[in-house]
Chemist: 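Below you'll find the structure I mean.
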Amino acid sequence: MGAQTRRKFDNMTDSNSTSKRDHWMGFDLGGTKMLAKVYDAEFNECGSFKTKTEGHRGKKAGLKRMVKVAREALDDAGVDAKLLAGIGFGVPGPVNPDTGVILEAPNLGWKDVDVRGHFEAEFGSSVVVANDVDAGVFGSYRFGVAKGVRSVVGVFPGTGIGGGAVIDGKLLQGAGISSMEIGHIPMTIDGDGRPMELEMLASRLAIAAESAKAAYRGAAPNLMKECGTDLSNIKSGAIARAIAAGDDEIEAIVIRAAHWLGLGVATVYNFLAPEMIVLGGGLVEAMPELWVKHVKKAAKGALMPSYAERVNIVAAELADDATALGAAGWARAEIERS
């Protein structure tokens, strides 16, 4: 947190009793939905509000919509904004954690969005902004399956593939930019010699594209019946249901993707050797046993024996709460540290 933000927070605590500022807000800004949750000092949920993001309307309209969602969550919780000790954001894409600016949100088409400045002006509370997967991984570390471990890496396959790491209670972040863009690790080359990144091989979008081809060929009748060949209809739950109904080709597609993800995990493990690797996101939530089994198998097969016997890969537990809860928890950690 920068010096300017620390001065703002100091001024806030000077003018208002610190004991009264005992609530926290976590905000999950997604490509399709935005969700705000309000928590008390023990991080019990007091209220929430969710709506569609509608990112195509632009960043100015988006900020206005975000403020409305935050206020609706406060109303639902019955909490005055003056009681907020801080607001934490988990946002899609690279951010500058020092300034609280979204540098780029590719799925929304937004660039250079000053979330911190806008919300501090609106609510008079200190604001901390993190990448959404960073927030989700911190949620697992602080409240979920990784609680109590010293170091954890999170890998979340979704539309793309996000990553995050917490080491000794702190998010691993770059110099003025969020880091751990695991989905962009080059894994192989295509027929023209161009690099293929991990998310081209193992994201939900990649799986959906291959599944649509299988449905078109008649190799996935259950998926075809439910979704047709429209990629926008082939969601994580539909993929899981197709496998459960007997679409073996869809299962094979997911296993291949999990194999690629396992190789990506092995790459990260070689660098950081964390105590735990957490797999999260909608795909993993829909099929946790399948993903953990095959990611672990591929990772172990790619690691040196001394590393392979130590790697610990588990599924996340917080589901839709991970980003909002983690963002609020990280905001508190940063504000109290500063």
Side-chain angles (χ1 to χ4, degrees), residues 1 24 26 28 39 41-43 86 88-90 95 97-98 128-157 161-183 185 198 261-281 284-285 288 291-293 295-319 321-338:
M1 185 180 298
W24 302 86
D28 178 1
Y39 303 95
E42 285 73 44
F43 286 98
F89 284 85
V95 306
D98 298 325
V128 175
V129 182
N131 171 268
D132 54 358
V133 179
D134 281 345
V137 175
F138 191 82
S140 289
Y141 168 83
R142 176 70 173 77
F143 306 103
V145 66
K147 187 174 182 178
V149 305
R150 176 172 173 252
S151 58
V152 57
V153 166
V155 182
F156 287 39
I161 298 177
V166 180
I167 299 174
D168 290 332
K170 280 187 60 65
L171 282 173
L172 180 61
Q173 296 175 314
I177 191 169
S178 51
S179 60
M180 295 297 292
E181 289 289 346
I182 290 171
I185 296 175
L198 181 57
L261 192 68
L263 297 182
V265 163
T267 299
V268 174
Y269 195 86
N270 278 327
F271 280 101
L272 296 177
E275 191 172 343
M276 181 180 289
I277 291 178
V278 176
L279 304 180
V284 175
E285 291 165 14
W291 278 94
V292 170
K293 175 183 177 180
V295 169
K296 186 180 293 185
K297 179 180 178 181
K300 283 179 173 286
L303 290 167
M304 293 187 300
S306 56
Y307 276 31
E309 67 186 21
R310 293 171 180 267
V311 66
N312 179 22
I313 301 172
V314 303
E317 297 176 340
L318 297 176
D321 289 339
T323 298
L325 184 56
W330 178 238
R332 181 170 183 169
E334 278 287 85
I335 291 166
E336 291 183 348
R337 181 181 65 84
S338 67

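This structure is a prediction, so every number in the text was calculated from the model and none was measured. Computed over heavy atoms, backbone and side chain alike; hydrogens, waters and symmetry mates excluded. Heads up: numbering here begins at 1 and tracks the sequence.
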Chemist: Who passes ring-ring contact (aromatic ring centres under 6.0 Å, His included) against Phe138, sequence neighbours left out?
Modeler: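 Scan of Phe138 (ring-ring contact (aromatic ring centres under 6.0 Å, His included), adjacent residues dropped) gives Tyr141, Trp330.
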Chemist: With sequence neighbours left out, what residues match Arg310 under salt bridge (Lys or Arg N to Asp or Glu O under 4.0 Å)?
Modeler: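 With neighbours one apart ignored, the set is empty.
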Chemist: Looking only at heavy atoms, what is the nearest atom pair of Pro157 and Leu261, with distance?
Modeler: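 Heavy atoms of Pro157 and Leu261 come nearest at CG-CD2, 4.1 Å.
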Chemist: Only distances under 3.5 Å count here; give the side-chain donor-acceptor pairs of residues 298-308 to other protein atoms, sequence neighbours excluded, each with its distance to 0.1 Å.
Modeler:
residue, atom, partner, partner atom, Å
Lys300, NZ, Ala308, O, 2.7

Chemist: Begin with the C-alpha distance, continue with both residues' side-chain angles, and end with the deciding distance and a verdict on side chain to side chain contact (heavy atoms under 4.5 Å, CB included) for Val155 and Val133.
Modeler: CA-CA 8 Å; Val155 182; Val133 179; over 6 Å; no
Chemist: Quick one: CG on Asn131 to CD on Glu181, what's the gap to the nearest 0.5 Å?
Modeler: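 Here the interatomic distance stands at 6.0 Å.
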Chemist: For a quick test of reading the model, state the closest non-hydrogen atom pair linking Ala316 to Gly280 and the distance between them.
Modeler: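 For Ala316 versus Gly280, the nearest heavy atoms are CB-CA, 4.0 Å.
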Chemist: Would you please test Val128 and Ile335 for side chain to side chain contact (heavy atoms under 4.5 Å, CB included) and show each step?
Modeler: CA-CA 8 Å; Val128 175; Ile335 291 166; 4.2 Å; yes
Chemist: Looking at every heavy atom in both Thr323 and Asp132, which two are closest together, and how far apart are they?
Modeler: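 Minimum heavy-atom separation between Thr323 and Asp132: OG1-O, 3.6 Å.
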Chemist: Under the salt bridge (Lys or Arg N to Asp or Glu O under 4.0 Å) rule, what pairs show up with a residue in residues 136-157, not counting sequence neighbours?
Modeler: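 As it turns out, the salt bridge (Lys or Arg N to Asp or Glu O under 4.0 Å) pairs with a partner in residues 136-157, which skip direct neighbours, are Arg150-Asp168.
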Chemist: Enter the distance from Ile182:CD1 to Leu198:CG here, rounded to the nearest 0.5 Å.
Modeler: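 Here the interatomic distance stands at 8.0 Å.
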Chemist: Please find the pair of heavy atoms, one from Ser140 and one from Val278, that lie closest to each other, and give the distance.
Modeler: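 Heavy atoms of Ser140 and Val278 come nearest at OG-CG1, 4.0 Å.
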Chemist: Just how far is it from atom CZ of Phe143 to atom CZ of Phe43, taken to the nearest 0.5 Å?
Modeler: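 Going from the CZ atom of Phe143 to the CZ atom of Phe43 covers 4.5 Å.
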Chemist: Any donor and acceptor pair, going by atom type alone, linking the side chain of Ser179 with main-chain N or O of Leu172 inside 3.5 Å?
Modeler: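 Side chain of Ser179 to backbone of Leu172, a donor-acceptor pair under 3.5 Å: yes, one is there.
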Chemist: Is Val152 close to Ile277 at the side-chain level, that is, under 4.5 Å between some pair of heavy atoms?
Modeler: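 They are not in contact (no side-chain heavy atoms under 4.5 Å apart), so the answer is no.
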Chemist: For residues Ser151 and Pro274, report the shortest heavy-atom separation together with the two atoms involved.
Modeler: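 So the minimum-distance heavy-atom pair works out to OG-CA, 3.4 Å.
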Chemist: Rounded to the nearest 0.5 Å, what separates atom CD1 in Ile313 from atom NZ in Lys296?
Modeler: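 These two atoms lie 6.5 Å from each other.
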Chemist: Applying ring-ring contact (aromatic ring centres under 6.0 Å, His included), can you list everything that pairs with Phe156, at least two apart in sequence or on another chain?
Modeler: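 Phe156 satisfies ring-ring contact (aromatic ring centres under 6.0 Å, His included) with no other residue.
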Chemist: Of all heavy-atom pairs between Val292 and Ala315, which one has the smallest distance, and what is that distance?
Modeler: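 Minimum heavy-atom contact is CG2-N, 3.8 Å.
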Chemist: Can Leu272 and Val153 be said to form a side chain to side chain contact (heavy atoms under 4.5 Å, CB included), step by step?
Modeler: CA-CA 9 Å; Leu272 296 177; Val153 166; 3.9 Å; yes
Chemist: Scan for side chain to side chain donor-acceptor pair (under 3.5 Å) pairs involving residues 264-275, sequence neighbours excluded, and state none if there are none.
Modeler: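 For residues 264-275, and leaving out neighbouring residues, there are no side chain to side chain donor-acceptor pair (under 3.5 Å) pairs at all.
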Chemist: Would you please test Val149 and Val166 for side chain to side chain contact (heavy atoms under 4.5 Å, CB included) and show each step?
Modeler: CA-CA 10 Å; Val149 305; Val166 180; over 6 Å; no
